[in-house]
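Remember, predicted model here, so these are calculated numbers, not experimental data.
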Amino acid sequence: MSLASADFGPADPVRLPAEEARVARRRLPDFASDAVRRRARRVETAPRPPAVEIAFLAHYGVPPEVLAYAMQRARADGVSPDAVLLAEGMVEEDVFYRALADHLRVAFVDEPVTLAPGAARTAEQGFVPLQPNADGLRWLFAPTGAGIFRLMSAVRAAKGRPLFALTTPRRLTDALRRARPLEAARLASISAERADPALCVRGALGLRALALASAVAIGPVAGLFAPWEGLRLLAAFGLAAVSLASIFLRLSACAASFGAEAELGSVENAGLPVYTVVVALYKEAAVARQLARAIDRLDYPRAKLDVKFVIECDDEATAAALRAHPPRTPHEIVVAPEGAPRTKPRALNVAMPFARGALVAVFDAEDLPDGPQLRRAASIFASAPPEVACLQPSLAIDNAGLNWMTGLFALDYAALFDVYNKGLAALGLPLFLGGTSNHFRIEALRDVGFWDAYNVTEDADLGLRLARAGYVVRTFESHTFEEAPATFRALVKQRTRWLKGWMQTAIVHCRHPARFFADFGPRRGLAVLAMFAGGLLGPMFGPFLTCRLFYDAATGALAADDLFGRACAALWCAVAVAGAAALVAPLLMGAERRGLRRHRGALVYLPLWLLMLSVASWRAFLELWLKPFYWEKTEHGLTLRGDDAQESS
């Protein structure tokens with residue numbers, strides 16, 4: 001249904017009570033801050049009169065220079081002037097729509113309403129049907145931009161009393177969310193399953209699948225200790241081949257990472273798309289103020305930002321902190337309906353049906369992205385082919401100097417994001433995405449069903465599902481600072497979740513080998529298998545195999561008399577040396593590129609770090625059997641972080 005065809009009814013026009021109209025007029029001028037007013041006064045009055053959608057505000061006390069400023073910014077940013085007024089904080093949304101209702105002589109609704117079935121079908125046009133009520137209202141409108149002009153024209157042409165009321169866009173969206181909470185909760189949980197259930201984890205972790213995966217992982221290592229020499233040799237050469245494949249991939253990515261990423265020209269404000277920024281939060285009250293500052297530092301037209309903070313329904317502390325320390329950027333707090341699983345990907349899925357942007361960025365609560373990041377990503381998307389679905393900047397650690405664990409964490413991130421991922425992208429291979437600071441085309445996300453709510457490393461899984469659907473992930477020159485866990489317990493818990501998620505992802509994507517290679521192709525398929533081998537088998541069995549190698553060297557078992565025995569010993573020694581090089585080289589390269597040379601001394605603790613990974617991997621393996629979908633949350637805001645961390649690079 002279009003606005004022009006809506007039935008406005010036959011009654012006489014009505015007005016709001018006079019006192020409510022006086023309140024609207026009295027409050028409006030107070031909502032332009034002094035800074036905004038000073039900026040507006042420097043703008044010469046536009047030669048053209050204000051657009052119809054904001055001109056009525058002159059009768060409610062908004063100064064002409066503010067309207068002129070909104071017109072100028074609207075032309076520069078390619079948005080409607082009402083969007084500028086609201087985004088810049090010149091007029092509060094509630095006051096704007098109260099004044100518009102008074103101007104149109106219709107009721108303003110600020111209480112919960114009951115929507116008619118199928119309301120979502122017209123919501124994008126700025127209005128929804130209502131259930132019949134005592135007031136006789138049939139429609140609820142929250143128009144924006146040209147929709148305001150069309151509504152004004154329709155009201156002027158209508159005869160009798162309009163059978164609609166006005167509300168704010170935020171209240172309209174809240175009404176849509178409240179309309180069917182159980183359905184919204186269910187859809188958020190099965191979003192990816194509706195697109196392709198074969199690539200989702202909930203149906204893949206049956207007893208048989210877990211047993212088979214465990215046998216594939218543990219069997220070759222157990223074969224090293226078999227009583228039959230032939231089986232021992234087969235297991236040894238199989239493990240050596242898998243190890244060398246993983247080592248070759250890492251070293252190849254290191255070499256490919258030297259290819260410089262091309263910097264693309266910037267896009268003018270008017271050509272930038274609306275950008276949805278989603279932050280999923282749970283028990284993050286401690287970082288609310290820092291998060292607000294990070295959002296406000298983003299160099300992007302505010303009228304084109306669609307910021308959504310998603311919180312759980314029982315997390316009133318975080319909601320209160322966000323209300324107490326809100327960003328100046330327009331935003332909304334989305335409350336995820338009660339449901340399972342209670343995970344970050346489910347929270348992200350809750351926000352997606354109401355995303356207004358053509359592009360989507362996902363950040364974590366503690367993130368500090370550099371200011372131009374969204375603008376750079378939008379510029380790359382604008383010139384990239386449509387199959388480029390995701391851009392991943394570098395994640396960096398800003399509390400690296402706290403202790404040896406945070407120092408090694410910073411080196412590990414530098415190796416992953418500044419070396420390894422850049423090399424994989426340059427080679428045209430799939431990436432295991434980082435869990436934050438990802439930038440997507442929303443159409444590509446819709447195509448794959450957004451995030452798998454049951455996968456506890458939804459980022460790595462999404463990177464592979466995008467690749468299997470024919471999309472490409474690239475990296476780009478930008479950074480986002482994060483906080484590293486500062487205690488051994490927190491570090492083990494975080495890595496346990498990551499490794500359990502990678503185990504989930506490996507089982508899901510490898511359970512149908514024929515389709516696996518059909519989707520990825522031989523080259524990319526082998527690369528993904530090598531990533532799984534290095535990322536999972538290495539932490540689980542690396543310490544044991546290293547101890548076995550040292551034991552054999554100490555007891556003389558490596559000094560075989562026959563040619564075949566010496567060849568085997570040489571092979572294992574080569575794997576050990578190459579593995580050490582593939583482990584240390586990205587760390588040193590990342591330290592150089594990220595400016596972490598002063599933290600290279602933390603590498604003396606690398607054996608402890610590898611032991612931690614082994615503990616986390618076996619803990620993850622047990623959780624995979626006992627509580628496969630449990631999300632072990634990482635606490636944030638536990639260490640002090642300087643305000644200038646974002647500008648330090």
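- Between Arg619 and Glu632 the shortest side-chain heavy-atom distance falls below 4.5 Å.
- Contact detail for Leu596 and Ala410: the closest heavy-atom pair is CD1-O, 3.6 Å.
- Inter-residue side-chain proximity for Leu291 and Leu281 is flagged as met; some heavy-atom pair is nearer than 4.5 Å.
- Distance check, rounded to the nearest 0.5 Å: CG of Leu391 to CZ of Phe440 gives 9.5 Å.
- Counting only distance, with no hydrogens or angles, the side chain of Arg250 and the backbone of Ile247 share no donor-acceptor pair below 3.5 Å.
- Put simply, the side chain of Trp404 reaches to within 4.5 Å of the side chain of Leu608, judged on heavy atoms.
- Checked for salt-bridge contact, Arg342 and Asp315 miss the test: no charged N lies under 4.0 Å from a carboxylate O.
- Asp452 contributes a side-chain N or O that, together with a main-chain N or O of Val201, makes up a donor-acceptor pair within less than 3.5 Å.
- The CG atom of Leu537 sits 9.0 Å away from atom OG of Ser246, with the distance rounded to the nearest 0.5 Å.
- Panel note: side chain Arg441, backbone Val388; a donor-acceptor pair is recorded below 3.5 Å.
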May I have the list of side-chain donor-acceptor pairs in residues 517-532 shorter than 3.5 Å, sequence neighbours left out?
unit_1 : atom_1 : unit_2 : atom_2 : d
Asp519 : OD2    : Arg468 : NE     : 3.0
Asp519 : OD2    : Arg468 : NH2    : 3.0
Asp519 : OD2    : Arg515 : NE     : 3.1
Arg523 : NH1    : Leu427 : O      : 3.4
Arg523 : NH2    : Leu427 : O      : 2.4
Arg524 : NE     : Phe520 : O      : 3.1
Arg524 : NH2    : Ala467 : O      : 3.4

Please step through side chain to side chain contact (heavy atoms under 4.5 Å, CB included) for the pair Phe629 and Leu205, ending with a clear verdict.
-> CA-CA 10 Å; Phe629 308 123; Leu205 295 187; 3.9 Å; yes

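- Between Pro485 and Lys493 there is no side-chain heavy-atom pair separated by less than 4.5 Å.
- Of the residues listed (Leu445, Leu348, Leu462, Val360), the one engaging Phe450 in a side chain to side chain contact (heavy atoms under 4.5 Å, CB included) is Leu445, and it is the only one.
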Kindly indicate, with the supporting measurements, whether the criterion side chain to side chain contact (heavy atoms under 4.5 Å, CB included) is fulfilled by His439 and Arg474.
-> CA-CA 10 Å; His439 299 257; Arg474 291 183 180 174; over 6 Å; no

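- Using a distance-only test at 3.5 Å, with no hydrogens or angles considered, no donor-acceptor pair links the side chain of Ser614 to the main chain of Leu611.
- Of the inter-residue distances, the one linking Leu466 atom CG with Asn438 atom CG reads 9.5 Å to the nearest 0.5 angstrom.
- Using bins of under 30°, 30° to 60° and over 60° for the plane-to-plane angle, the ring pair Trp618/Phe541 lands in the perpendicular bin.
- The main-chain N or O of Cys254 is found under 3.5 Å from a side-chain atom of Ser257 such that the two form a donor-acceptor pair.
- Within the 3.5 Å criterion, the main-chain N or O of Gly449 finds a donor-acceptor partner in the side chain of Ser191.
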For Arg293 and Gln290, what are the C-alpha separation, side-chain angles and deciding distance, and is it a side chain to side chain contact (heavy atoms under 4.5 Å, CB included)?
-> CA-CA 5 Å; Arg293 289 199 303 265; Gln290 171 189 291; 4.2 Å; yes

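- Between Phe481 and His479, the angle of the ring planes goes over 60°, which puts this pair in the perpendicular group of the 30/60° scheme.
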Where do Phe309 and Ile295 land on the side chain to side chain contact (heavy atoms under 4.5 Å, CB included) test, with the steps shown first?
-> CA-CA 11 Å; Phe309 301 126; Ile295 294 296; 4.2 Å; yes

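- Within the 4.5 Å cutoff, side-chain heavy atoms of Asp314 are placed close to those of Tyr282.
- Listed here is the closest heavy atom pair of Pro543 and Gly538: CD-O, 4.0 Å.
- For the pair Ile218 and Val221, the minimum side-chain heavy-atom distance is 4.5 Å or more.
- Between Tyr454 and Trp631, the ring centre distance reaches or exceeds 6.0 Å.
- In this structure, Arg495 is positioned above the aromatic face of Phe409, its NZ or CZ under 6.0 Å from the six-membered ring centre and within 45° of the axis.
- With rounding to the nearest 0.5 Å, the separation of CG in Asn403 from CZ in Phe488 is 12.0 Å.
- Judged purely by atom type and a 3.5 angstrom limit, Gln504 uses its side chain to pair as donor or acceptor with the backbone of Val456.
- Side chains of Asp370 and Gln373: a donor-acceptor N/O pair is present below 3.5 angstrom, by distance only.
- Tyr413 contributes atom OH, which lies 10.5 Å from atom OG1 of Thr480 (distance to the nearest 0.5 angstrom).
- Both the sub-6.0 Å distance and the 45° axial angle are not jointly satisfied by Arg593 relative to the ring of Tyr420.
- In this structure, Leu244 and Val575 have side chains that are in contact, with non-hydrogen atoms separated by less than 4.5 Å.
- Here the closest heavy-atom approach between residue Ser437 and residue Gln392 is recorded as O-NE2, 3.9 Å.
- Inter-residue side-chain proximity for Leu583 and Leu606 is flagged as met; some heavy-atom pair is nearer than 4.5 Å.
- For the pair Asp459 (side chain) and Thr436 (backbone), a donor-acceptor distance under 3.5 Å is absent.
- Checked options Glu312, Glu284, Glu458; the residue passing with Lys344 is Glu458 (criterion: salt bridge (Lys or Arg N to Asp or Glu O under 4.0 Å)).
- Across Phe417 and Pro393, no two heavy atoms sit closer than the pair CD2-O, 4.0 Å.
- In plain terms, the two heavy atoms of Pro341 and Ser189 that are nearest each other are CD-OG, 4.0 Å.
- A distance-only check finds no donor-acceptor pair linking the side chain of Glu366 to the backbone of Val287 [under 3.5 Å].
- How far CG of Asp418 is from CG of Leu411: 11.0 Å, rounded to the nearest 0.5 Å.
- Side-chain contact check for Asn399 and Thr406: no donor-acceptor pair (N or O, by modelled atom type) lies under 3.5 Å.
- In plain terms, the two heavy atoms of Ala198 and Arg511 that are nearest each other are O-NH2, 2.8 Å.
- Within a 6.0 Å sphere centred on CZ of Phe248, other residues, nucleotides and ligands contribute 12 heavy atoms or fewer.
- Panel note: side chain Asn349, backbone Trp451; a donor-acceptor pair is recorded below 3.5 Å.
- Checking Arg465, Arg346, Arg202 one by one against Glu193, the salt bridge (Lys or Arg N to Asp or Glu O under 4.0 Å) holds for a single residue, Arg202.
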